[in-house]
Number of protein chains: 2
Amino acid sequence: MRAEALKGHLDGLILATLANRPAHGYAIAQTLRERSDGAFDLPEGTLYPALHRLERAGLISSEWSTEAGRRRRTYSLTRSGGRALGERRHEWKLFATAVEAVLA
Amino acid sequence: MRAEALKGHLDGLILATLANRPAHGYAIAQTLRERSDGAFDLPEGTLYPALHRLERAGLISSEWSTEAGRRRRTYSLTRSGGRALGERRHEWKLFATAVEAVLA
DNA sequence: AATCTATACATCGTATTGCTATGTGTCAAG
DNA sequence: CTTGACACATAGCAATACGATGTATAGATT
């Protein structure tokens with residue numbers, strides 16, 4: 001997968017992952033890898049800045065916790081993030097339809 | 001349509017447009033707008049640099065001509081560009097499938 | 001005991017890329 | 001003679017994914 005393909009779509013994927021339940025960064029990466037059947041295997045330098053960006057934007061919120069000696073930052077979708085996810089899903093449909101109309 | 005959504009996918013769209021027949025920049029923009037039902041309305045600052053980029057990469061080639069006083073640069077898909085288009089189409093399928101598996 | 005692997009987070013610097021704004025110039029319509 | 005469509009070009013900007021690197025704990029392996 002070329003790096004640029006993901007640009008502009010990562011935020012929606014992260015929000016969608018958090019829509020089911022809150023999760024910490026590492027778990028988000030695992031879920032994304034599983035749900036995408038290995039297609040999305042995010043390096044740390046991609047994931048953590050994206051999470052910080054989403055939190056700055058108010059779409060997710062975080063809380064520190066410690067479990068078995070490991071510190072975790074657990075992220076949850078905010079109400080605003082839920083709305084944003086809806087928009088992203090809608091936008092994706094429009095985008096995918098348009099791309100397929102051209103590529104086909 | 002958010003600007004970042006297109007990133008990394010524009011090249012494939014341009015290549016696909018040229019797969020039918022050679023065309024000049026302005027015509028490519030028109031075709032893209034029509035085929036995408038208005039979703040892709042490329043500003044010049046997006047289209048022309050992209051064409052130069054594709055030509056530098058050897059995926060398209062160009063020729064100057066003049067028609068009715070207007071100079072045109074007509075672009076054609078190269079053999080290498082044809083192969084690249086195939087790859088992009090394949091990559092798109094993988095990408096779209098993965099995104100839908102996560103967003104759904 | 002030492003090393004490796006997985007877990008877990010963080011950030012600096014870089015490359016890529018699409019867009020805005022601006023500039024050049026032709027031609028037809030009003 | 002001004003507006004709009006046609007036609008191309010580029011400088012500067014903003015956004016973002018990634019590679020590399022660093023910190024730290026826990027369990028398994030050697």
Side-chain angles (χ1 to χ4, degrees), chain A residues 1-15 17 22-34 36 39-57 59-60 62-75 88 91 95 98-99, chain B residues 1-15 17 22-34 36 39-57 59-60 62-75 88 91 95 98-99:
Chain A
M1 184 84 65
R2 290 165 50 258
E4 282 79 19
L6 194 54
K7 279 198 182 172
H9 301 282
L10 175 60
D11 290 7
L13 299 175
I14 294 175
L15 295 177
T17 303
H24 64 286
Y26 200 85
I28 293 172
Q30 282 181 318
T31 303
L32 233 31
R33 196 163 43 241
E34 286 160 18
S36 72
F40 301 135
D41 192 5
L42 305 184
E44 292 95 327
T46 294
L47 179 63
Y48 293 109
L51 288 170
H52 298 333
R53 190 166 64 224
L54 288 168
E55 186 166 28
R56 264 201 317 278
L59 305 184
I60 62 180
S62 71
E63 230 177 77
W64 279 109
S65 65
T66 306
E67 254 168 85
R70 289 196 198 85
R71 61 176 191 152
R72 289 178 168 183
R73 186 166 228 166
T74 301
Y75 292 93
R88 297 306 177 90
E91 198 191 297
F95 177 70
V99 170
Chain B
M1 182 84 67
R2 288 166 50 260
E4 282 79 21
L6 193 55
K7 280 199 181 172
H9 301 283
L10 176 60
D11 290 6
L13 299 176
I14 293 175
L15 294 177
T17 303
H24 64 286
Y26 201 86
I28 293 172
Q30 282 182 318
T31 302
L32 234 31
R33 196 163 43 242
E34 287 160 19
S36 72
F40 300 137
D41 192 5
L42 306 184
E44 291 96 326
T46 294
L47 179 62
Y48 293 109
L51 288 170
H52 299 331
R53 191 166 63 224
L54 288 169
E55 186 165 27
R56 265 202 315 279
L59 305 185
I60 60 179
S62 72
E63 232 178 76
W64 278 109
S65 65
T66 308
E67 253 168 84
R70 287 197 199 86
R71 61 177 190 152
R72 288 178 169 180
R73 185 167 231 167
T74 301
Y75 291 94
R88 297 307 177 89
E91 198 192 297
F95 177 69
V99 170

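The sequence lines fix the lettering, A, B, ..., with proteins before strands; numbering per chain opens at 1.
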Under the side chain to side chain contact (heavy atoms under 4.5 Å, CB included) rule, collect the residues that match up with A:Thr31, sequence neighbours excluded. A:Thr17, A:Arg35
Residues in salt bridge (charged side-chain N to carboxylate O under 4.0 Å, His left out) contact with A:Arg73, at least two apart in sequence or another chain: none
With sequence neighbours left out, the residues meeting salt bridge (charged side-chain N to carboxylate O under 4.0 Å, His left out) with A:Arg71 are none
Contacts of type side chain to side chain donor-acceptor pair (under 3.5 Å), residue B:Glu55, not counting sequence neighbours: B:Ser62
Going 5' to 3' through nucleotides 6-19 of chain C and flagging B where a protein heavy-atom sits under 4.0 Å of the base, S where only the sugar-phosphate is that close, and - otherwise, we get SBSBBB----BBSB
Check every nucleotide of DNA chain D for an atom under 4.0 Å from a heavy-atom of chain A, then give the first and the last such nucleotide from 5' to 3'. D:dT16 to D:dA26
Set of side chain to side chain contact (heavy atoms under 4.5 Å, CB included) partners for B:Thr74, sequence neighbours left out: B:Pro22, B:His24, B:Ser65
I'd like to check the side chain to side chain donor-acceptor pair (under 3.5 Å) partners of A:Glu91; sequence neighbours left out, ordered by chain and number. B:Arg2
Check: residues 43-52 of chain A side-chain donor-acceptor pairs under 3.5 Å, at least two apart:
none

